[in-house]
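Notes to accompany the following structure.
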Amino acid sequence: MTTEVQKMIEEKNADLPLIVIKKLEKKLESGKLKKKDLGKVMDRVMDVYEKAKIEPGEGVGVLAAQSIGEPGTQMMMRTKHYAGTAMDVTKGLPRLIEIFDARRTPKTPMMTVHLTKEYNTAEKAEALAHSIKETQIRHIAKSLKLDFLKYRIVIDLNKEELKKRGLTPKVLETIIKEKFEKQASLEKDTLIIKAPKKVASVLQKLRGEVLKTHLSGIKGVTYVVIQKEDRNYMVYTQGTNLPDILNVKGIDPKKTKTNDIKEIERVFGIEAARHMLVEETKDTLKDAGLVVDYRHVSLVSDAMCADGAIKAIGRHGISGSKASVLARASFEETVKHLLKASAYGEVDGLKGVVENIIVGQVIALGTGVPELIMKTEEKKSKK
Amino acid sequence: MKSQIPDETKTCDVYCNGKFIGTHEKPKELIEELKKLRSQNIISPEVCIAYDKKGKVHIVSDAGRLLRPLIKIKNGQPMLTEEHLEKIKKGEMTWAEIVSRGLIEYMDAAEEENTLVALNETELTNQHTHMEINPFVIFGICANVVPFLNHNMATRVTLGANMSKQGIGMYCSNYGIRADTQRHLLTYAQKPIVKTKGLDMVNYDKRPSGQNFVVAVIAHGGYNMQDALVINKASLERGLGRSVFFRSYKAEERKYPGGQVDLIEVPDKEVRGYRSEECYRYLGDDGIIEPESIVGEDDILIGKTSPPRFLEVIEEFGMSVKHRRESSVNVRTGEGGIIEKVLLSESLDGDKLVKVKMRDPRIPTVGDKFASRHGQKGVIGFIVPQEDAPFTESGIVPDLMLNPHAIPSRMTVGQLLETIGGKVGAMSGRMIDGTAFSGEPEADMRKELEAHGFKSNGKEVIYDGITGERLEAEIFIGVVYYQKLKHMVVDKIRARSRGPVQILTRQPTAGKAREGGLRLGEMEKDCLVGHGAALLLKERLLDESDKTTVPICTQCGLVAVYDKFRDYSYCTICGENVDITFVEMSYAFKLLLDEMKSLCIYPKLLLGEKGGL
């Protein structure tokens, strides 16, 4: 079904983004916009949209870099914490650097867990938060002894802690027996695990393994904080594990997110990662009280995600994989790039900005572009 | 007090100058005993004994530690009593005696950790171990230059202290016979009306570095926006802020191996590198300039020739021709002045040594930097003729007009107090004490001001200098000590259109001394790119820099040779029967190609047509 607006668009041969079209349709439906005025409004919208477009030959990359970089110099080392908790989240310039460097893991991995409507109460949120928090044997051990005579590890259990974390000795026993099989046994409040070999070094190694044995909760989540924002309870976690948290009942999988962008890429794919890049950058800048236009951030994010995997900005990412030898060599590791290029017989087409500056030619930007426009006319005449 | 020496005895390590020398069972007793010996002058008072947080005893006598004297306190009472002070006044006791008797102790950073120091007597308790001699000694020499500094923001005091080091003054009294390489001298230096005890201690009155300006806190036609200063022209003509710049040049008659020598003389025209005759016009017969000649840039001060750099060239008929080099000393570019003095002497090697001292009197001009002692710096924005400047009821015209916006955000209340203090001092004909924490009270100064018929707040009715109308607002006016700082426009002003280039890159040189250009750096380049100013960028980076035209062989893509004499070009690799095209490029790029070749990389240029830009 074609709407009035769509008809008009076809008539005027307009090129408008979907969001604008939808807005016009809504206005028309609500009656705020009258049908007879649609043509006039349409003309005006097209006019404004045309003006808002970037001119061909504009140096958008440099503009984006400057628009993010300059306010970045004013960023303070001030960090905002989650009120009254021990949670420490990287903010400000360090976080911005982290995002653009596309680190494999962030310095302070963190998840923001949203809850479904049924779970949106104080008690349920707290219960959920507790169940998320990871428990390992080291959390419930009162004391640990290495018995070098019998080659075993003796652990005194902390009953209170066990209860607090919603575990019973029976559950504990089954988990341990599953992992260590017959070597493990539970007697009253003591846990005994025998070493598979009667060698001291094996026992030592076993100690670490035992302490880190996962009992309950989500692997990697070391700390949880519950906060009420507006009317919704939110759970913030220290440590991230997106695949596991998505399986927890009661969380809203559409809203729950992590600040580990590489993990988002792994779990949801590159489009989601690009979106998170934009969001994280925007949030970081907003926290520092800086106003940067969305388009600059989105351009940088697009550049980082353009070939299907997140690439860092810098030597190992975008700058290191430019097409031009001279551009790469002028950035970092000059000799390496030159030697490689010569070994493979690379040809530099002198299409970018940096190459032309090095050689001493007019760059193909701004007033250096017109030549290009002439060529398109040439094509037409050939037809 | 955390590292107070504990009473319970525990064996501890003892170090002397950072070296372990042994252990002691009762550290407290050891320290007390050592300090007792020190107070009896058996151990030098410059030795410090400290007990650190890790429970170690350090005995330090190293050279180069900073020590400061503190009055010793015993049972909440200073050991230095009025009695002692009386004796000192009478001359019966000396400082050395007080120190050697342990009434005053020298503290270093380590021992200070074990002390609790009171600022003054009213603060004293039984816990205190020491007391300051006077609270202002917690500041250094430079900070004590600032009067009423306890009324200023700390950052402003730091700024003021740092800038006082750049002030021009009467730096010594034998400047007439000195030959400093470069020196500024304030011609009519005054001692400050508002001074501090710290200034008296360093004899600031004898070596002052500023003048007492009549300062009005008033805007003046926008010419004192953003920390600029407006100065009264008549004041300048009376000698305000006038200074002299001295620079000494020197030349030496060096002896070289092989019996050759430098000669101080008027160079012969045959000499290699002979400059125009005009340059030598001031030289006397001895090759040295005459005193009181007025010289400009590049004029020769001392004519000198040196032996040729390489061995003598034997000419065709077996005659050896002497080609001596010109190595005269000339005035630096951009400088000039009058020859003050010529000094003839001998160097350490026994060679003839000539020093020429040049003087350059300087009247403040627009752009010269001035600062009060409170970190309020500014450059002259305008020099008003006295007839156009505002005046008070009694006809006083301010020397300097300071923009009121300079005050609130910087919170230099000390300067306001100095303004009132300076006014009081000028009217009463006495010096005002502005020592930190103990300066003259504001109320007293205000009262005295009133006694002289002024308003107590220092404000006065002011008349516009141009219209003669009374200004609606009353203006805060008084006397402030201002310093002329050594940064003057004549030393910094610079311009270049064409000029010298570097040999390697053929790009313009950098720096004022080399007549260099200003670099269009990476970030400036980004700005031009961001604006899309492609042609301007090319002009800056190529046409106005290191543009060259290089012959390129179209076959091998390498730089070919162009023989100018025969007007024909060839390629050293492909021979003569190839197309050679002249390509415009930056010389730095040509250099890059050469460097790549030395790396065994073959940078082949593929040539094609590109639009005529």
Side-chain angles (χ1 to χ4, degrees), chain A residues 54-70 72-73 296 299 325-327 329-331 334-375 378, chain B residues 505-507 520-550 552 557-559 582-613:
Chain A
I54 285 276
E55 301 279 335
E58 187 82 59
V60 282
V62 172
L63 276 182
Q66 289 183 340
S67 303
I68 297 172
E70 196 278 335
T73 61
H296 298 308
L299 182 78
V325 200
L326 288 175
S330 79
F331 180 59
T334 310
V335 177
K336 180 186 134 189
H337 284 299
L338 289 179
L339 288 176
K340 250 192 182 167
S342 93
Y344 291 109
E346 269 184 58
V347 177
D348 196 319
L350 301 183
K351 296 218 168 90
V353 173
V354 191
E355 305 95 281
N356 280 305
I357 288 176
I358 292 174
V359 173
Q361 282 181 345
V362 175
I363 56 169
L365 263 186
T367 48
V369 171
E371 193 193 12
L372 221 67
I373 292 167
M374 302 291 284
K375 272 186 184 163
E378 216 173 67
Chain B
T505 60
R506 298 201 187 166
Q507 285 169 355
L520 189 112
E522 184 108 4
M523 293 176 90
E524 289 78 16
K525 176 211 81 181
D526 286 344
C527 279
L528 292 185
V529 173
H531 278 90
L535 297 172
L536 176 62
L537 185 71
K538 189 209 155 210
E539 180 187 286
R540 288 287 102 208
L541 262 29
L542 186 73
D543 304 338
E544 300 297 320
S545 182
D546 57 349
K547 183 174 166 181
T548 40
T549 313
V550 179
I552 300 288
L558 289 176
V559 178
F582 287 88
V583 178
E584 210 173 70
M585 61 172 78
S586 93
Y587 191 80
F589 180 61
K590 195 230 142 197
L591 200 69
L592 175 71
L593 295 179
D594 291 342
E595 284 200 20
M596 285 206 269
K597 278 181 246 169
S598 69
L599 273 173
C600 296
I601 295 172
Y602 172 22
K604 184 174 184 177
L605 298 183
L606 301 172
L607 302 181
E609 287 299 320
K610 202 158 187 220
L613 284 168

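Here is the naming used below: chain letters follow the sequence lines, and residue numbers restart at 1 for every chain. Values below: all heavy atoms of this structure, side chains included; hydrogens, waters and symmetry mates excluded.
Per-residue heavy-atom pair counts under 4.5 Å with chain B were compared for A/D348, A/V353, A/V359, and the maximum is reached by A/V359.
Scanning all heavy atoms of the two residues, the minimum distance from B/A534 to A/G368 falls at CB-N, 3.4 Å. Across all their heavy atoms, A/Q66 and B/M523 have their closest contact at NE2-O, 4.4 Å. Here the shortest heavy-atom pairing between A/L339 and B/L599 reads CD2-O, 4.2 Å.
Summarising the local packing, NZ of A/K340 is surrounded by 12 or fewer heavy atoms from other residues, nucleotides or ligands at distances under 6.0 Å.
The side-chain contact (heavy atoms from CB on, under 4.5 Å) test with A/I363 is passed by exactly one of B/L528, B/L535, B/V529, B/L541: B/V529.
One finds the CG atom of A/N356 at 10.0 Å from the CG atom of B/L537 (value rounded to the nearest 0.5 Å). Considering CD1 of A/I357 and NZ of B/K525, their distance stands at 4.5 Å, rounded to 0.5 Å.
Residue contact with chain A, scored on non-hydrogen atoms closer than 4.5 Å, involves the backbone of B/A533 exclusively. If you measure heavy-atom distances from B/M585 to chain A, the contacts under 4.5 Å come from both the backbone and the side chain. Interface residue A/V347: only side-chain heavy atoms are found under 4.5 Å from chain B. Within the 4.5 angstrom heavy-atom criterion, no atom of B/L536 approaches chain A.
The backbone N or O of B/P603 sits nowhere less than 3.5 Å from a side-chain atom of A/S342 that would complete a donor-acceptor pair.
Between B/L592 and A/L326, the closest side-chain pair of non-hydrogen atoms falls below 4.5 Å.
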